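All values reported here derive from a predicted model rather than from experimental measurement.
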Amino acid sequence: MRGLLSVPAPAVTDFDPDVTWRLHPQVAVRPEPFGALLYHFGTRKLSFLKNRTIVEVVTMLADHPDARSACRAAGVADEDNAPYLHALGVLARSNMLVPEENP
C-alpha cells in the first residue's frame with residue numbers, strides 16, 4: 001500500500017535569462033549586512049543572497065526586459081554574469097522567482 005498522503009512536488013521553472021522575471025508575490029526580501037534573506041511564505045523556504053550585487057539584480061528584475069539587462073543595470077559586465085545567472089536559475093527552480101506574465 002502506498003502512502004496515504006500525497007504531496008505534489010513544487011513546480012520546477014526552467015530559467016531563461018532572456019525573459020522578464022520577478023520575485024514571487026509570496027517572497028519577502030530582508031536586507032542583511034552580507035546581502036539578504038529571501039523568505040517564501042507559501043513554501044516556507046529560506047534563501048540567502050550572499051552579496052549586495054545579487055540582491056540588487058533580484059530586486060530590479062521586474063524593471064528590466066530580461067535577466068541579462070538587470071545584471072547590466074546592477075553593474076555586472078556581460079563576461080562576468082555567469083555566476084549571477086546561475087544564482088537566478090537556482091532561485092527560479094526554488095520558486096523564489098517567477099517569469100513575468102504577459103498581460
Find out whether Arg22 and Val98 are in side-chain contact, i.e. whether some heavy atom of one side chain is under 4.5 Å from a heavy atom of the other.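 Yes - at least one pair of side-chain heavy atoms lies under 4.5 Å apart.
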
Kindly write out the residues that satisfy side-chain hydrogen bond (donor to acceptor under 3.5 Å, both in side chains) with Arg68, not counting sequence neighbours, or none if the list is empty.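 Expected list: Asp18.
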
Mind checking what makes side-chain hydrogen bond (donor to acceptor under 3.5 Å, both in side chains) contact with Glu32, not counting sequence neighbours? Arg30

Within this structure, what is the [atom1]-[atom2] distance for the pair [X] and [Y], rounded to the nearest 0.5 Å?
| X | Y | atom1 | atom2 | result |
| --- | --- | --- | --- | --- |
| Gln26 | Met96 | CD | CE | 11.0 Å |
| Lys45 | Leu91 | NZ | CG | 10.5 Å |
| Phe15 | Leu85 | CZ | CG | 5.5 Å |

Is there a path of hydrophobic side-chain contacts, each under 4.5 Å between heavy atoms, that joins Val58 and Val19?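 Result: yes, single cluster for both.
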
Looking at residues at least two apart in the chain, or sitting in another chain, which of them share a ring pair (Phe, Tyr, Trp, His ring centres under 6.0 Å) with His24? His40

Minimum heavy-atom distance between Trp21 and Asp16, given as atom pair plus value: NE1-O, 2.8 Å

Can you give me the closest heavy-atom contact between Ala67 and Leu88, atom names plus distance?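 So the two residues come closest at CB-CD1, 3.9 Å.
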
Test: side chain to side chain donor-acceptor pair (under 3.5 Å). Region: residues 49-58. Which pairs qualify, not counting sequence neighbours?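 Of all non-adjacent pairs touching residues 49-58, none passes side chain to side chain donor-acceptor pair (under 3.5 Å).
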
So the side chain to side chain donor-acceptor pair (under 3.5 Å) pairs with at least one residue in residues 73-88 (sequence neighbours excluded) are Arg72-Asp78

Taking only residues two or more places apart in sequence, or in another chain, which ones meet [X] in a side chain to side chain contact (heavy atoms under 4.5 Å, CB included)?
| X | value |
| --- | --- |
| Leu46 | Leu37, Tyr39, Phe48 |
| Ala36 | Val29, Leu49, Val55 |
| Ala82 | none |

Quick one: name the residues clustered hydrophobically with Met60, using the 4.5 Å side-chain heavy-atom rule over I, L, V, M, F, W, Y, and just say none if it's on its own.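 Taking Ile, Leu, Val, Met, Phe, Trp and Tyr as members, Met60 stands alone, with no cluster partners.
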
Knowing that exactly one of Asp66, Leu97, Thr20 qualifies, which makes a side-chain contact (heavy atoms from CB on, under 4.5 Å) with Leu61? Leu97

Side-chain donor/acceptor of Ser94 to backbone N/O of Val90, under 3.5 Å: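 Yes.
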
